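So you know, we letter chains A, B, ... as the sequences are listed, proteins then strands, and number each from 1. Everything quoted here is computed from the prediction, not taken from an experiment.
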2 protein chains.
Amino acid sequence: MSKTASASRAAGSSSEARQPTPISRTYSIGELAKMFEVTPRTIRFYEQEGLLAPRRQGQKRIYREKDRVRLKLTLRGKRLGFSLAEIREVVMMYDAMPDGNARQLKRLLEIIAEKRAELDRQLEDIRLMRLEMDDVDRRARDALGQLGEKG
Amino acid sequence: MSKTASASRAAGSSSEARQPTPISRTYSIGELAKMFEVTPRTIRFYEQEGLLAPRRQGQKRIYREKDRVRLKLTLRGKRLGFSLAEIREVVMMYDAMPDGNARQLKRLLEIIAEKRAELDRQLEDIRLMRLEMDDVDRRARDALGQLGEKG
DNA sequence: GTCAAAGTTTACGTTAACGTAAAGTGTATG
DNA sequence: CATACACTTTACGTTAACGTAAACTTTGAC
């Protein structure tokens, strides 16, 4: 939010040989960190908070596609102002889904509905804030114009 | 964000006599607090952080329309995940506008552009998150349906 | 083998945004 | 006049989300 992080668009070379299993490669913590512009510390912290659960190869953490996706979703949630606790709630429910009982599933639907309502509120907030910024923008340009004329 | 604050819709009695100056009434800190569902402490804190500057009547803080609007904007910014420092930046620039020099005005326009870009990123994040939630929702309902059939 | 790079654990530090408690002031009301 | 209520200042406490430092292991390169 306050990071001014310009989204890094890594240009993939289009001449890569098709992988046999293009979906199931793994990542080190450093790779993920660079990929998402966070520190390894952050990723370990998310694990500690129950948001990630990478395999181990000896001592080292091995991240799979699923982990990468989870990290992506987590960071997206963060950008939208959700707390890690809130994000975990959704993520864990989602994982518990396949064998979930009716009560759990209904709870999940409830949570989803809540989050959706919050997103809707955010959309409205964004809309209003944009209007205000348009106004400020216009005034500033006007003022600049005035300065130019009589300057 | 994590407050589950249901927006309180205060039903205004429609039989109030028309105020002579309907726009320039004042508010106590408690009134504003209730109005926006925050504590007085929060409002005082925002003042301390340079986001509000109410008049005083003796020792007591007197808030005017302008202050109320500022508080509203501040809370909106917060809901969108902006820090108080970021919010202050915009608000103070805005206030310095009328007599602003060209450099300040351009700086303001820059800030506005940055914030706008951030809002756009948020819109995209919301869009993606919604898609994912739609998916989770559908799966959960399917699973519930299955349980109902073979239950 | 050794050196650098990347990884690990443990633990204390930091910042933002308030919460909470104590102690005092002002005023309207029974 | 006493009491209740809303307000004030001062100051220490708390939580989330990491940062940072220290000390150690693993691993590929030379």
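- The CD atom of A:Glu49 sits 8 Å away from the C1' atom of D:dA17 (whole-angstrom rounding).
- Residue-to-nucleotide proximity on DNA chain C shows that, of A:Arg61 and B:Arg41, the 5′-proximal contact is made by A:Arg61.
- Taking the side chain of A:Thr42 as heavy atoms from C-beta on, and the options D:dG19, C:dC18, D:dT8, the nearest nucleotide is D:dG19.
- Between A:Glu37 atom CD and D:dG19 atom P there is a gap of 13 Å when expressed in whole angstrom units.
- Atom CD in A:Gln48 sits roughly 12 Å away from atom P in D:dA17 (whole-Å rounding).
- When the C1' atom of C:dA16 is taken as reference, atom CD of B:Glu86 falls 12 Å away, rounded to whole Å.
- The pair B:Arg116-A:Asp134 counts as a salt bridge, with a side-chain nitrogen and a carboxylate oxygen less than 4.0 angstrom apart.
- Taking atom NZ of residue B:Lys34 and atom P of nucleotide D:dC7, one finds them 9 Å apart after rounding to whole Å.
- Across the protein-nucleic acid pair, B:Arg44 atom CZ and D:dA11 atom P stand 16 Å apart, rounded to whole Å.
- Within 6.0 Å of CZ in B:Arg56 there are more than 12 heavy atoms belonging to other residues, nucleotides or ligands.
- A residue-by-residue look at A:Gln57 and B:Pro40 shows that B:Pro40 has its nearest nucleotide of DNA chain D further toward the 5' end.
- Between the P atom of D:dT8 and the CD atom of B:Glu47 lies a distance of 8 Å, rounded to the nearest Å.
- Straight-line distance from the OH atom of A:Tyr63 to the C1' atom of C:dG7: 10 Å, rounded to whole Å.
- Distance from the side chain of B:Thr39 is smallest for C:dG19 among the nucleotides C:dG19, C:dG7, D:dA17.
- The phosphate of D:dC18 (OP1 or OP2) has a side-chain N or O of A:Tyr46 nearer than 4.0 angstrom.
- Looking at A:Arg141 and A:Asp137, a side-chain N of the basic residue comes within less than 4.0 Å of a carboxylate O on the acidic one, giving a salt bridge.
- For the pair B:Phe45 and B:Thr39, the minimum side-chain heavy-atom distance is 4.5 Å or more.
- For A:Gln59 and B:Lys60, each mapped to the nucleotide of DNA chain C holding its nearest heavy atom, the one lying further toward the 5' end belongs to A:Gln59.
- From B:Leu52, atom CG reaches atom CD of B:Glu47 across 7.0 Å, with rounding to the nearest 0.5 Å.
- Of the candidate nucleotides D:dG19, C:dC18, D:dT9, D:dT9 has the atom lying nearest to any side-chain atom of B:Arg56.
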